[in-house]
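Some notes on the structure that comes next.
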Amino acid sequence: MAILEILRYPDSRLRNRAKPVEQVDTKIRQLVDDMFETMYDASGLGLAATQVNSTKRLFVLDISEQHDDPLCLINPEIISKEGEEREDEGCLSVPGVYEPVKRATHIRVRALDRDGNPIELDLEGLPAVCVQHEIDHLDGKLFIDYLSSLKRARIRKKLEKEARQADDE
Ligand code: GNR
Ligand code: NI
C-alpha cells in the first residue's frame, strides 16, 4: 500500500480525461487500494484516479464516519438522474474551498466493482452528490467549473499563492 500525491488545482493534469478500464486485474486493484489509503489519509469522502495522476476510469468513495463503508466504482456511468439541489461541495484538489453546486438529487449508476463484477446502484443525498463529483473528475471537470469565472480566478490566485509559500518553506 502507498499514499499517492494528490494533484491540486490549477494543475493541468486534472483536465485529463480518463480511459475505460479494460480488465480489472491485480494492477488495478493495487491502484484502488492505494487510492483508498490516500483518501482516508487525506480525510476525503471520495477520490478519483485523475486526482492521483492516473487516467484509469475509476474512483473510490466512503462517506461513513467510521471509514467502514468503502465503495469502488470502475467505468461508472450515470444511467438516469432526477431532481435538483444546490449543496456545498469541497475537493481534495481544491483545498479550503467550499461552494454550492447544483446536482441531481437521485441517480442510478452502472459500474464494475473491485472484483470486476457489474453493479447498479440507486443513490440519493450525499452519496449521489459525491458520485457526480467523482465522475466529473474522470471527465476532467472540477466543481469550481460551475462557479463564475471571477470566483474561479480568485480561487486560482489563492491556491497559486499557497503553493508558492509551501515551496518557499
Ligand atoms: O472530501 C470531499 N468532500 C466532498 C464534499 C461535498 C461534495 C463532494 C465531496 S468529494 C471530496 C473529496 C474529493 O475531492 N473527491 O474528488
Ligand atoms: Ni474532488
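Nothing fancy with the numbering, it's 1 onward along the sequence. Note that ligands are numbered from 1 as they come in the structure, with each ligand's atoms numbered from 1 the same way.
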Ligand 1 N/O within reach of Asp88 N/O, cut-off under 3.5 Å: no
Nearest option to atom 5 (C) of ligand 1, as decided by whichever heavy atom of Ser43, Gly90, Gly46 sits closest: Gly90
Ligand 1-proximal atoms of Glu87, by part, heavy-atom distance under 4.0 Å: neither
Atom 14 (O) of ligand 1 - nearest protein heavy atom and its distance: Leu92 N, 2.8 Å
Sidechain N-carboxylate O distance under 4.0 Å for Glu160, Arg164: no
Contact atoms of ligand 1, heavy-atom distance to Gly44 under 4.0 Å: 1 (O)
Ser93 side chain to Gln51 side chain, donor-acceptor N/O pair below 3.5 angstrom: yes
Minimum-distance protein heavy atom relative to atom 6 (C) of ligand 1: Glu89 CA, 3.6 Å
Atom 15 (N) of ligand 1: the protein heavy-atom neighbour that sits closest, reported with distance to 0.1 Å: Glu134 OE2, 2.7 Å
Plane angle bin for Tyr40 and Phe36 - parallel if under 30°, tilted between 30 and 60°, otherwise perpendicular: parallel
Distance in Å, Arg156 CZ paired with Tyr9 OH, rounded so as to fall on 0.5 Å steps: 5.0 Å
Side chain to side chain contact (heavy atoms under 4.5 Å, CB included) partner of Glu89, chosen from Tyr98, Phe143, Tyr146: Phe143
Residues Asp136 and Gln132: side-chain donor-acceptor under 3.5 angstrom: no
Region of His133 engaging ligand 1 - heavy atom pairs below 4.0 Å: side chain
Per-atom contacts, ligand 1 versus His137 - under 4.0 Å to a heavy atom: 16 (O)
Residue portion contacting ligand 1 (non-hydrogen atoms closer than 4.0 Å) for Gln51: side chain
Positive for side chain to side chain contact (heavy atoms under 4.5 Å, CB included) with Val52, one of Met39, Met35, Arg13, Glu5: Met35
Protein heavy atom at shortest distance from atom 1 (O) of ligand 1: Leu45 N, 2.9 Å
NE2 (His137) - the Ni ion (ligand 2) - NE2 (His133) angle, nearest 10°: 100°
Per-atom contacts of ligand 1 with Cys91, taking only distances under 4.0 Å to non-hydrogen atoms: 14 (O)
Leu71 and Asp62, any side-chain heavy atoms less than 4.5 Å apart: no
Ion pair Asp139/Arg15, N-O distance below 4.0 Å: no
Short N or O distance, Val129 and ligand 1, threshold 3.5 Å exclusive: no
